[in-house]
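In what follows, a structure is listed as C-alpha cells, so that the remarks can point back to it.
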Amino acid sequence: MNGAAKGRDLTQGPIGPALLLFALPTLGSNVLQSLNGSINAIWVGRFLGERALAATANANIIMFLLFSVVFGFGMAATVMIAQSYGARDLPSARQAFGAAVGFCTILALGVATAGWLGAPALLRLLATPAEAFDPALAYLRVIFIAMPASLLSVMIMMGLRGTGDSRTPLIFMFVSVGVDLVLNPVLIRGIGPFPRMGIAGSATATATAGFVSLIGVILYIYRKDLPLRLRGGELAYLRPSLAQVRMLVGKGMPMGLQMIVMSASGLVMIGLVNREGLVTTAAYGAAQQFWTYLQMPAMAMGAAVSAMAAQNIGAGRWDRVGRIATYGIVYLLLVTGVMIVTLLLFHKPLLALFLGAGSPAVPVAGHMLLLASWSFILFGCAMIFFGIMRANGVVVGPLLILTFTMFAVRLGFYRLSYGALGADALWLSFPIGSGTTLLMAVVYYMQGGWKKAKLLAPPHEEECRETIHAEGEPAGRILPTG
C-alpha cells in the first residue's frame with residue numbers, strides 16, 4: 001500500500017492511547033477554531049458594540065446551516081476513506097476522496113451563490129433585530145464569497161483524518177487562525193494602510209484565512225506525498241460517477257441532515273431569543289461562544305471514534321469497536337466536565353471579555369450558562385454512540401432521533417412551559433432535549449441492528465469493471481448502494 005505509512009493504522013495496538021493521541025490534534029483544531037471565533041467576537045463586541053455582536057450571532061447560525069448542506073458529504077467520504085484504508089485498499093480510498101472533493105466543490109459553489117442572494121430573506125426570517133440587520137447582512141455576504149474555499153478545506157481535512165492523520169489538519173488550523181487573528185483588528189479598525197471596514201472587515205479577515213489555509217494544505221499534501229494525493233490518471237477521480245454521487249448523497253445527505261436539524265433548531269432558537277430583545281440576543285451571542293467550546297470535546301471525540309471504528313470495521317476487527325465507544329465516553333466525561341465547572345466558576349470575567357463588565361447582558365448570559373451548559377455532557381455522549389454507528393454507514397436512525405428530540409422535545413418543552421417559566425424555558429430546553437437524545441441513542445446502540453449495515457468502502461477498481469460489464473450499466477454500481 002504505497003504511501004500508507006504516512007497515515008496511521010488505527011486497527012492495531014492499545015485502544016485507549018491510540019484514540020487519545022488521534023483525538024487530541026482534532027480537539028486542538030476545534031479549540032483553535034473556536035478560540036479564533038471567540039477572539040473575533042471580542043474584537044467585534046468591544047470595537048463595534050452589542051449591535052454588531054448580535055449581528056454576528058444571527059449570521060453565524062445561518063452559516064452553520066449552510067455549511068451543513070455540504071458537511072454531511074464530507075462525513076460520508078471520511079467513513080468510506082477510513083474503511084478502505086483499514087482494509088488496505090488505498091486506490092479505493094483515493095477514489096472516494098476525489099469523488100467527494102469534486103462533488104462538494106460544485107455543491108459549495110451553488111450553496112454560496114444561493115446564500116449570497118438569499119441572505120436578506122434569511123435574516124428577515126430570523127426576525128433579526130432592526131439594529132443588527134445591516135451589519136449582519138454585510139458580514140454574511142463577505143463570508144459567502146469565501147464559502148467554497150472554506151468548505152473545500154474542511155473536506156480535505158476530514159479526508160486526511162480518515163487515513164488516521166489528525167496532525168496535518170491541526171497544522172493548517174494554526175495557519176488559518178494566525179492569519180485571521182492578525183487581520184481581524186487591522187481590517188475592523190483600519191490600521192496602517194488598510195481601510196476601516198467595520199464588521200465587514202472581520203468577515204474579510206476570516207475569508208482571507210480560509211483561502212490561505214486551503215492553498216497551504218493542498219501544497220503540503222503534494223510536498224509530503226500523503227496517501228490521498230491524486231496524480232496522473234487519479235485526477236479523473238475528481239469527476240464523480242453517477243454511482244459515486246448516489247453513494248455520497250445516499251449516505252451523506254442523512255449525515256448532513258443531522259447537522260441541518262441541529263442548525264434548523266438553532267435557527268428557531270435564535271428567532272425565539274430575538275423576540276426577547278437586543279440585550280438577550282447579545283447575551284445569547286456571548287453564551288454561544290462558550291457553548292462552542294463545550295461542544296469541542298464531543299465533536300473531536302465523535303470524529304475520532306468514528307474514523308477509528310470505521311478503520312476497524314473495514315479490517316473486520318469488530319472486537320475492538322465496543323471498547324472504542326467506551327474509551328470515547330470516558331474521555332468526553334472527563335474533559336467536558338472540567339470545562340463546565342471552570343466556566344461556571346469564572347463566568348463573569350469571561351463574559352466581560354465579550355460584553356464589557358458593565359453590560360446589562362452579563363447577568364443574563366450568566367443565567368443562561370448556569371441552566372444550559374451541563375446539557376453538553378449528555379449530548380456529547382449521544383454523539384459518541386452516533387459516531388460509532390456512523391462508522392458502519394448507519395445514519396437514518398440517528399437522524400430521526402435528533403429530529404424528534406430537537407423539535408418535538410426541545411421546542412415542545414419551550415411551548416408548553418414558556419407561560420410559566422418565561423425565557424428560562426429556552427435555556428432549560430437544552431438539558432431536556434439532550435437527555436432525551438442520549439436515552440434514545442443508548443437504546444438504539446444497544447439493540448445492535450446497526451451492526452448489520454453494509455460497508456461503505458467501495459470495491460477494488462477491477463471488481464468494479466467486472467460488475468459494470470456483467471450488469472450492463474456503465475458506472476451503475478461502482479460503489480455499493482447499501
Side-chain angles (χ1 to χ4, degrees), residues 8 10-11 13-31 34 75 78-79 82 161 164 166 255 258-259 262 291-313 317-344 372-395 397-399 401-402 405-406 409 430-451 453:
R8 178 183 293 176
L10 301 174
T11 66
I15 292 173
L19 179 62
L20 186 61
L21 289 174
F22 181 52
L24 282 176
T26 303
L27 177 60
S29 297
N30 291 340
V31 170
S34 299
M75 290 191 286
T78 300
V79 173
R161 292 189 183 105
S166 55
M255 292 182 185
Q258 289 184 29
M259 294 187 66
M262 297 299 299
W291 290 339
T292 297
Y293 284 101
L294 295 183
Q295 293 180 76
M296 289 301 102
M299 294 173 67
M301 196 56 63
V305 299
S306 187
M308 189 173 190
Q311 279 199 20
N312 280 271
I313 291 170
R317 295 298 307 273
W318 281 96
D319 56 302
R320 293 165 57 88
V321 174
R323 286 182 288 155
I324 292 170
T326 300
Y327 275 108
I329 289 173
V330 170
Y331 290 144
L332 174 74
L333 291 174
L334 289 174
V335 176
T336 308
V338 170
M339 292 176 66
I340 290 175
V341 171
T342 303
L343 172 60
L344 295 181
S373 295
W374 61 277
S375 69
F376 291 98
I377 289 182
L378 304 175
F379 194 77
C381 289
M383 291 301 100
I384 297 295
F385 289 114
F386 289 159
I388 292 290
M389 291 184 278
R390 185 173 67 234
N392 201 35
V394 174
V395 291
L399 171 62
I401 290 173
L402 281 174
T405 56
M406 292 299 101
V409 176
F430 281 84
I432 296 296
S434 297
T436 307
T437 302
L438 176 57
L439 177 61
M440 296 181 72
V442 169
V443 171
Y444 191 60
Y445 177 85
M446 294 299 293
Q447 59 85 26
W450 60 274
K451 296 180 180 179

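Bear in mind the structure is a predicted one, so any value in this text is a computation, not a measurement. These values consider heavy atoms only, across backbone and side chains, with no hydrogens, waters or symmetry-generated copies.
The neighbour count for Tyr327 OH, taken as heavy atoms of other residues, nucleotides or ligands under 6.0 Å away, does not exceed 12.
Heavy atoms only, all atoms of each residue included: Ala298 and Gly380 are closest at CB-CA, 3.5 Å. Contact between Ser166 and Arg161 at its shortest, heavy atoms only, is CA-CG, 4.3 Å. Scanning all heavy atoms of the two residues, the minimum distance from Met301 to Gly328 falls at CG-O, 3.5 Å. Taking all atoms of both residues into account, the shortest heavy-atom contact from Arg390 to Gly302 is NH2-O, 3.8 Å. Nearest heavy-atom pair across Ala372 and Pro431 is CA-CD, 4.4 Å. The shortest heavy-atom contact between Val409 and Gly433 is CG1-CA, 4.0 Å.
The distance from atom CG of Leu344 to atom OG of Ser373, rounded to the nearest 0.5 Å, is 5.5 Å. Expressed to the nearest 0.5 Å, how far CZ of Phe376 lies from CE of Met339 amounts to 10.5 Å. Rounded to the nearest 0.5 angstrom, Leu19 CG and Thr326 OG1 are separated by 11.0 Å. How far CD1 of Ile388 is from CE of Met308: 9.5 Å, rounded to the nearest 0.5 Å. Here the CD atom belonging to Gln311 is positioned 9.5 Å from the CD1 atom belonging to Ile324, to the nearest 0.5 angstrom. Atoms CZ and CE, on Phe386 and Met440 in that order, are 8.0 Å from each other to the nearest 0.5 Å.
Shown here are the side chain to side chain donor-acceptor pair (under 3.5 Å) partners of Thr336, two or more places apart in sequence or in another chain: there are none.
For the salt bridge (charged side-chain N to carboxylate O under 4.0 Å, His left out) condition, the pairs that include at least one residue of residues 323-338, sequence neighbours left out, are Asp319-Arg323. Judged as a side chain to side chain donor-acceptor pair (under 3.5 Å), the pairs with a partner in residues 432-447 (not counting sequence neighbours) are, in order, Thr405-Thr437.
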Steps toward side-chain contact (heavy atoms from CB on, under 4.5 Å) verdict (Phe379, Leu402): CA-CA 10 Å; Phe379 194 77; Leu402 281 174; 3.7 Å; yes

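Judged by distance alone, the side chain of Asn312 and the main-chain N or O of Trp318 form no donor-acceptor pair under 3.5 Å.
Checked against Ile384 for a side-chain contact (heavy atoms from CB on, under 4.5 Å), the options Leu438, Val330, Leu332 give a single hit: Leu332.
Aromatic pair Phe430/Trp374: centroids not less than 6.0 angstrom apart.
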